[in-house]
Amino acid sequence: MTAQLSGIGPVPAAPETAGRPRRRRGSPRPPWEEPPSPVGLFGKGVVLVLLVAAVLVPLWAVLVTSLASRETIDAAGGMVMVPREFDPSAYITIFNGGQITRAVWISTLITVVGTTVSLVLTVLAAYGLSRPGSVGHRGLLFFFLLTFLIFPGLVPSYLVVTGLGLKDSIWSLILPSAISVFNLVVIRAFFMGVPGELLDSARIDGAGEFRILTRIMLPLSKAVIAVVGLFYAVGYWNAYFNSVLYIDDNDKFPIQRVLQSYILAGQSPNVSGAAVSLPGITAYPPTLAVKMAVVVVTVVPAIIVYPFVQRHFTKGVITGAVKG
Amino acid sequence: MSGPGTAGAVDAPAAAGQAPPPTRRPRRAGRRRHRASLGARLRRDWPLLAMTAPAAALLLVFHYLPTLGNVIAFQDYNPFVGDDPVEAFLYSEWIGFGNFEALFADPLFWDAVRNTLTITAFQLVFFFPLPILLAILLNSLVSGRVRGFVQSVVYLPHFFSWVLVVTFFVQMLGGAGLLAQEMREAGMQPWNIMTNPDTFIVLVTAEAVWKDIGWGAIVFLAALAAIDPNLYEAAAADGAGRWRRMWHITLPGLRPVIVLLLIMRLGDALSVGFEQFILQREAVGRDAAEVLDTFVYYQAIATQQWGLGAAAGLFKAVVGLILILAANKLAHRLGEQGVYSKS
């Protein structure tokens with residue numbers, strides 16, 4: 001009633017949400033609400049600080065340790081919390097060629113190529129499915145939605161992927177997971193929210209379907225597409241298990257796999273040392289700083305992209321998902 | 001109606017008519033009346049079909065084809081009897097329910113089932129309510145800036161891979177981690193929760209909470225935002241205190257979402273997450289960390305018993321399907337929207 005859709009600027013919100021007064025961001029406490037009790041305030045504060053600390057402390061510790069020198073780490077007996085010096089040698093080590101440089105490159109490649117492929121195909125299909133009444137619409141939609149209910153299973157999936165000759169190819173990390181039907185439904189819901197007159201008028205002006213998609217739909221749904229793109233990108237960057245299944249060649253390991261072999265393998269006593277041997281790294285076993293530098297490298301892309309898309313999360317995903 | 005965001009964004013010389021929402025109906029009704037021939041409709045709609053085709057093809061190859069491939073659960077599948085998996089499939093021997101008999105006679109399989117269900121139950125009690133509480137807490141914050149900051153921070157771990165999450169836990173709580181370090185310094189005996197099978201279930205739940213509590217709260221925050229603020233004001237005017245308002249307005253407002261998500265979780269009871277367990281199975285041992293998914297993996301791919309692994313996978317898929325259908329039915333019965341009642 002009072003708040004006038006402050007944050008909604010860049011988002012062409014779906015019609016349903018446009019009229020609803022959002023929760024007042026930063027607006028003052030309403031006059032009828034009783035002032036908070038000191039105990040309640042204190043309790044809330046403690047919980048919030050703990051929550052934030054639970055996320056930030058590990059990140060901080062890893063970052064500081066990755067930049068610490070060997071002496072500092074030895075003196076601390078492990079992880080370092082207080083930054084005393086700036087020693088980038090761990091990063092120089094891992095970016096000096098070898099396994100990790102290669103893995104970062106592979107993961108970047110998979111992420112860029114995969115996200116592009118996924119987004120293009122998903123947007124096209126979402127548009128193709130966004131017009132009730134077109135030929136085959138019902139059947140196709142059913143074909144897509146049915147995937148929510150049936151699970152292909154690991155063994156036959158493995159046999160299909162290897163049978164197609166994708167073993168040890170980066171396409172084995174892209175194609176099987178290229179289409180997320182959930183993301184498709186989200187985008188489709190947004191497309192369907194665009195007023196029909198807009199499309200009709202474009203059609204009268206002689207625009208074909210593809211032109212309508214690129215000139216009208218895409219500009220209107222930038223926010224959702226950004227969010228879905230982030231989901232896809234994060235998925236590709238985080239891909240781990242498929243690489244366990246399909247990639248045997250050390251030179252094609254993505255970064256998550258390398259991180260795992262650096263830190264988690266060898267945790268238990270009965271893992272053979274051979275599994276951890278990493279070509280390209282001279283100092284073996286890797287020092288703690290090097291390990292932590294790998295962690296930082298693995299985290300950083302998510303943290304860089306995140307702020308740009310974060311403001312769209314709630315609006316983009318929830319409206320899409322709830323309507324889907 | 002306010003459609004400023006949508007209509008204004010496009011320069012709309014032709015979209016002058018401000019007809020209200022029901023845009024699609026009339027068009028479709030008109031089309032019904034003099035339905036064009038299939039050929040004409042195809043000529044009109046072929047771009048749409050062409051756009052959908054690549055995605056459909058991918059699903060066909062990587063989702064439906066493997067689903068059909070599950071029939072090897074009824075075979076003594078041997079990948080070496082042919083030149084490729086298809087030939088091997090054609091030449092492998094059919095053995096009926098032999099794989100299932102072997103599977104159900106395998107105590108390790110039942111251990112995996114038991115572990116899976118225990119973990120699901122544990123997480124329902126100790127994980128499921130937390131995002132709700134977090135959403136209520138965040139919603140009660142008056143300062144938008146604090147709220148936004150906390151939200152940004154707690155959403156973040158959702159975007160970390162399981163490898164990273166486990167790594168963080170190792171570095172913080174593991175045997176050589178920060179906590180053990182501090183304990184050693186304080187003269188205490190450090191413990192290593194990362195390799196302790198007895199507390200493994202707590203560990204995986206804690207990891208799941210750390211990763212997804214913020215993300216889980218988003219849905220509830222949206223539901224909270226949809227509650228009419230006037231209700232609170234009216235209740236307050238009637239003398240309801242903070243707690244009564246939470247009990248009589250906030251929780252009922254969240255009820256549909258809570259029921260829906262609870263049911264979805266129940267339908268998913270056999271899936272507790274794959275990578276999380278594969279990653280930690282070595283460290284804590286099979287007894288605690290073997291769940292159905294990891295069982296399938298080790299039976300099939302690691303030890304090459306393809307038929308047995310496929311049978312276990314099929315068992316999981318079928319039971320999972322039944323659970324989802326049952327859960328959805330339950331949702332409908334409770335008067336909720338259900339999970340897949342979308343058209």
Side-chain angles (χ1 to χ4, degrees), chain A residues 12-13 18-19 23 25-26 29 32 48 51-52 55 58 61 77-79 121 124-125 127-129 131 133-135 140 147 149-157 159-160 163 176 178-179 195-198 201 209 234 238 240-241 256 259-260 263-264 267-268 271 295 298 302 310 314 318 324, chain B residues 2 5-6 9 14-15 23-24 28 31 41-42 45 47-48 51-52 54-55 58-59 62-63 65-67 69-70 84-85 142 144 150 152-154 156-157 159 161 163-164 166-168 172 176 178 181 218 222 225 233 236 274-275 279 282-283 296 300-301 306 309-310 313 317 321 340 342:
Chain A
R23 157 92 193 186
R25 256 197 168 226
R29 188 178 295 279
W32 47 265
L48 291 176
L51 273 172
V52 170
V55 176
M79 303 292 287
L121 295 190
L124 283 176
Y127 183 72
L129 291 171
R131 303 259 315 280
S134 64
V135 175
L140 270 175
T147 58
L149 286 184
I150 58 174
F151 320 101
L154 179 66
V155 175
S157 299
L159 294 175
V160 165
I179 298 294
E197 298 89 0
L198 219 54
S201 68
E209 299 292 353
V234 166
N238 285 345
Y240 165 74
F241 184 66
Q256 306 289 341
L259 176 66
Q260 185 267 341
I263 296 179
L264 300 180
Q267 245 211 104
S268 79
V271 169
V295 178
T298 316
Q310 194 242 343
T314 319
I318 296 296
Chain B
S2 68
T6 43
T23 54
R24 256 152 233 281
R28 218 208 280 173
R31 192 177 289 159
R41 292 173 71 214
L42 266 178
D45 287 338
L48 296 176
M51 286 175 178
T52 319
L58 274 180
L59 286 185
F62 291 106
H63 201 102
L65 187 59
T67 306
N70 269 313
D84 56 58
V142 173
V150 175
S152 311
V153 172
V154 295
L156 189 58
F159 295 96
S161 65
V163 185
L164 265 174
V166 176
T167 299
F168 278 126
M172 292 300 114
L178 201 57
Q181 230 168 284
I218 291 186
E233 186 166 0
F274 206 155
E275 298 194 351
L279 284 165
E282 287 287 326
V296 174
I301 283 135
W306 302 100
L321 177 62
Y340 59 85
K342 42 200 153 201

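Just so it is clear, the structure is predicted and the values come from calculations on it, not from any experiment.
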Task: Part of B:Ile301 lying under 4.5 Å from any heavy atom of chain A - done: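 Looking at B:Ile301, just its side chain touches chain A.
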TODO: Tell me, for B:Phe159 versus chain A, whether the close heavy atoms (under 4.5 Å) come from the side chain, the backbone, both or neither.
DONE: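 For B:Phe159, heavy atoms of backbone and side chain both lie under 4.5 Å from chain A.
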Option that, when pairs with chain A are counted at under 4.5 Å, heavy atom only, ranks first among [options]:
options                              : answer
B:Ala300, B:Ala55, B:Pro66, B:Pro47  : B:Pro66
B:Pro157, B:Gly69, B:Ser152          : B:Ser152
B:Val154, B:Thr67, B:Leu42           : B:Thr67
B:Leu59, B:Val150, B:Leu58, B:Leu321 : B:Leu59

Open item on the list: When you measure from the side chain of B:Gln181 to the backbone of A:Met79, do you find a donor-acceptor pair of N or O atoms at a distance under 3.5 Å?
Closed with: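 It does hold such a pair.
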Open item on the list: Among A:Ser157, A:Pro152, A:Pro156, which residue satisfies the side-chain contact (heavy atoms from CB on, under 4.5 Å) criterion with B:Asn70?
Closed with: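 Testing each of A:Ser157, A:Pro152, A:Pro156 against B:Asn70, the sole residue satisfying side-chain contact (heavy atoms from CB on, under 4.5 Å) is A:Pro156.
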What part of [X] gets closer than 4.5 Å to chain B, counting heavy atoms only: side chain, backbone, both or neither?
X        : result
A:Val234 : side chain
A:Val160 : side chain
A:Ile150 : both

- [ ] Starting at CG of A:Leu121, measure out to CD1 of A:Ile179 and round the result to the nearest 0.5 Å.
- [x]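 The CG atom of A:Leu121 sits 4.5 Å away from the CD1 atom of A:Ile179.
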Task: Nearest-0.5 Å distance, CG of residue A:Leu259 to CG of residue B:Leu164 - done: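 Nearest 0.5 Å value for the CG-CG distance: 5.5 Å.
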Open item on the list: Once side chain to side chain donor-acceptor pair (under 3.5 Å) is applied, do any residues pair with B:Thr167, and if so which ones, sequence neighbours excluded?
Closed with: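 Per chain and number, B:Thr167 pairs via side chain to side chain donor-acceptor pair (under 3.5 Å) with no residue.
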- [ ] For B:Glu275, check salt bridge (Lys or Arg N to Asp or Glu O under 4.0 Å) against everything at least two apart and list the hits.
- [x]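 If we apply the salt bridge (Lys or Arg N to Asp or Glu O under 4.0 Å) test to B:Glu275, skipping adjacent residues, there are no hits.
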TODO: Specify the closest pair of heavy atoms between B:Arg41 and A:Val135, including all atoms of both residues, with the distance to one decimal.
DONE: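 Heavy atoms of B:Arg41 and A:Val135 come nearest at CB-CG2, 3.4 Å.
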Task: Exercise: identify the closest heavy-atom pair between A:Ser134 and B:Leu48 - done: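 Between these two residues, the closest heavy atoms are CB-CD1, 3.6 Å.
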Open item on the list: For chain B, which candidate among A:Leu51, A:Val52, A:Thr298, A:Thr147 shows the most heavy-atom pairs at distances under 4.5 Å?
Closed with: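 Ranked by heavy-atom pairs under 4.5 Å with chain B, first place is A:Thr147.
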- [ ] Could you tell me which of A:Gly153, A:Pro176, A:Ala61, A:Gly77 has the largest number of non-hydrogen atom pairs under 4.5 Å with chain B?
- [x]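 Among A:Gly153, A:Pro176, A:Ala61, A:Gly77, the one with the most close pairs to chain B is A:Pro176.
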